[in-house]
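What follows is a short report on a single structure.
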Amino acid sequence: MVTAVISLTGLGLVAAFGLSIASKKFHVDVDPRLETIEGILPSLNCGACGYAGCSGFAVGLLEGEAQPTGCAPGGEVVISQLAEFLGLEVGDVVKQIAVLKCGGTIEKAAMEARYEGVYDCRAAILVGGGGKACRYSCVGYGTCEAVCPFDAIVMRPDGLPIVYADKCTACNKCVVACPRDVLVLEPVSHEVRVRCYSSDAGGRVRKICQVGCTGCGICEKVCPVEAVKVDDNLALISPDKCVECGICAANCPQNTITDDMLPRAPVYITDTCNGCTICAKVCPYDAIEGQAKELHVVDPGRCTGCRLCVERCNVSAIVVTGEERTVAVAK
Amino acid sequence: MQTLFLIIIGTVFVNNFVLARFLGLCPFMGVSRRIETATGMGMAVIFVMTVAASVTWNIQNFLLIPFHLEYLQTIMFILVIASLVQLVEMFVRKVSPALYQSLGIFLPLITTNCAVLGVALLTVQKGLGFFQTLVFAFGSSLGFTLALVLMAGIRETEEMADVPKPFKGTALAFVTAGLLSLAFMGFSGMVK
């Protein structure tokens with residue numbers, strides 16, 4: 001009994017002594033900043049930054065490989081904190097959200113089959129792609145809703161998911177999971193969007209979907225800033241060029257292009273106007289009237305609030321009436 | 001000399017710890033993704049096993065048997081192995097942070113690895129001498145490393161292959177391990 005206690009204790013003491021010496025000898029200095037950075041990060045380990053979890057991203061930040069803007073779920077707060085801590089300048093952070101590039105609800109998209117398998121888009125794709133006739137459409141079985149870690153995606157009764165901009169962190173999970181690739185990340189501020197991903201020819205699109213892009217090219221023609229291009233029977237809006245005037249959406253015969261900024265407030269010209277007439281020429285709706293070198297007036301009945309004139313005015317005389325604009329999240 | 005050679009052949013090929021005795025399977029599946037980490041893990045295991053076996057042999061013969069404390073065998077051996085693993089962990093962390101990262105949880109898991117405790121207990125059971133114990137432990141860990149590296153090589157190639165989805169990942173690893181074991185069964189009976 002006594003020998004057992006003594007020998008076991010003795011062995012334990014020897015091991016403890018040896019290990020305590022070894023821990024001093026093999027001591028590794030860990031960068032103390034690492035802990036602070038991990039504290040700032042949201043600890044979601046979502047992988048949106050491209051690193052394996054938040055601690056990997058923290059190491060990447062310290063080594064200068066990663067940028068604070070890489071943390072999409074953290075949003076502006078985390079990014080600015082990181083930048084402050086690391087002494088970096090942050091450029092403009094463009095908040096992105098997942099956007100559905102399909103408007104084919106149950107009523108608007110033609111069905112050609114009935115799918116009765118596992119209620120999952122990826123499963124439906126394996127056996128022919130759900131019931132919709134369109135091969136490019138949202139399948140509608142809510143895989144994106146299931147994978148979203150932030151509950152930002154909810155399937156609506158009309159068969160399409162809705163993305164809540166305030167909850168979406170642009171973590172990319174739904175984009176990866178979507179088997180039809182109809183979810184893409186786009187800047188949240190660009191609210192004029194093409195809700196279609198179909199490269200089918202116009203005739204077929206007209207047959208199978210009420211809101212599909214036929215590639216007619218009207219949007220390309222009416223766009224005042226050449227931001228819309230029709231390529232492979234599909235209109236594409238370049239977010240860099242688009243000024244969100246909404247003219248393409250207003251002219252789209254299929255209502256494929258949606259304008260979530262509606263209704264827009266009409267603009268108002270202040271008395272700094274020097275009467276250069278540029279705004280009157282720019283206005284696509286002839287809503288601005290006035291003689292040269294005289295104060296111009298906006299007809300609020302005609303003005304759609306496209307704000308093309310605002311940017312063109314040399315003396316910043318045109319202002320948007322009413323600061324708040326109603327953002328229709330779901331259209 | 002001949003016995004020592006036979007012990008090496010026996011432990012590496014015939015009674016391979018992983019593929020014939022199915023000991024130490026968790027690092028075998030866990031760290032066999034890449035040859036580099038598999039080699040690192042193998043080296044760690046070689047060190048831990050050999051040192052652990054030599055220390056446990058001394059404990060068994062100079063402490064447990066003289067004082068009739070054989071019933072403390074398991075706890076004593078585990079204490080020794082755990083301390084050694086801790087030492088290796090500190091050492092690897094200092095010398096090669098990359099290896100430390102890629103070994104991950106499997107390095108501390110050597111502590112409770114049945115292969116390491118298995119070597120310590122088997123040598124006692126077989127009543128081997130000190131040198132034979134050393135060679136037995138070295139051979140066993142060499143066999144473990146061989147199995148691990150072979151597996152890692154195959155799994156690296158499998159990464160490139162077009163594998164049907166249901167087989168991907170762990171399922172395929174287990175199928176591969178089975179086939180590998182099948183191949184090693186060809187050695188059985190060569191050395192007793």
Side-chain angles (χ1 to χ4, degrees), chain A residues 1-35 37-38 45 47 50-63 65-66 117-118 120-127 143 147 176-177 179, chain B residues 33-34 37 44 47-48 51-52 54-105 107-108 110-111 116 120 164-166 168:
Chain A
M1 172 67 191
V2 182
T3 40
V5 172
I6 291 174
S7 55
L8 201 55
T9 322
L11 198 68
L13 281 175
V14 170
F17 190 66
L19 281 179
S20 64
I21 292 177
S23 76
K24 287 247 165 57
K25 202 166 167 67
F26 297 128
H27 181 71
V28 180
D29 288 316
V30 181
D31 198 327
R33 293 178 296 170
L34 214 56
E35 211 169 291
I37 293 179
E38 281 180 35
N45 293 320
Y51 287 85
C54 292
S55 55
F57 182 61
V59 175
L61 279 174
L62 278 181
E63 285 172 2
E65 290 168 3
V118 180
D120 181 276
C121 304
R122 291 169 293 198
I125 287 290
L126 287 177
V127 290
T143 296
V147 299
V176 174
Chain B
R33 249 173 235 284
R34 281 171 47 226
T37 48
F47 177 78
V48 173
V51 178
S54 63
V55 175
T56 51
W57 188 89
N58 282 308
I59 288 177
Q60 173 73 19
N61 285 289
F62 295 115
L63 191 69
L64 299 185
I65 294 178
F67 293 102
H68 306 290
L69 295 171
E70 285 91 342
Y71 57 92
L72 283 180
Q73 201 180 45
T74 313
I75 192 168
M76 285 280 196
F77 287 6
I78 286 179
L79 185 65
V80 169
I81 293 168
S83 322
L84 279 173
V85 169
Q86 195 79 59
L87 188 71
V88 172
E89 196 182 343
M90 287 173 189
F91 183 72
V92 171
R93 192 172 181 194
K94 178 80 179 175
V95 175
S96 170
L99 184 63
Y100 180 77
Q101 277 282 328
S102 52
L103 290 178
I105 185 76
L107 193 54
I110 305 182
T111 319
V116 183
K165 262 197 178 158
K168 272 201 174 133

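Residue numbers start from 1 in every chain, and the chains themselves are labelled A, B, ... in the order their sequence lines are given, proteins ahead of strands. Being a predicted model, the structure only gives us computed values, none of them experimental. Values below: every heavy atom of this structure, side chains too, minus hydrogens, waters and symmetry copies.
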Under 4.5 Å heavy-atom distance to chain A, tell me which part of B/Leu69 shows up: side chain, backbone, both or neither. side chain
Is the closest side-chain heavy-atom distance between B/Met76 and A/Ser7 below 4.5 Å? yes
Atom CD1 of B/Ile75 with >12 non-hydrogen neighbours under 6.0 angstrom: no
Looking only at heavy atoms, what is the nearest atom pair of B/Ser83 and A/Leu19, with distance? O-CD2, 3.5 Å
Is it true that atom OH of B/Tyr71 has more than 12 heavy atoms of other residues, nucleotides or ligands lying nearer than 6.0 Å? yes
Greater than 12 external heavy atoms within 6.0 Å of A/Glu35's CD: no
Heavy atoms only: give me the nearest B/Leu79-A/Gly12 pair and the separation to one decimal. CD2-N, 3.7 Å
Can you tell me how far the CE atom of B/Met90 sits from the NE2 atom of A/His27, to the nearest 0.5 Å? 11.0 Å
B/Ile59 versus chain A, heavy atoms under 4.5 Å apart: side chain, backbone, both or neither? side chain
B/Phe47, CZ: over 12 other non-hydrogen atoms inside 6.0 angstrom: no
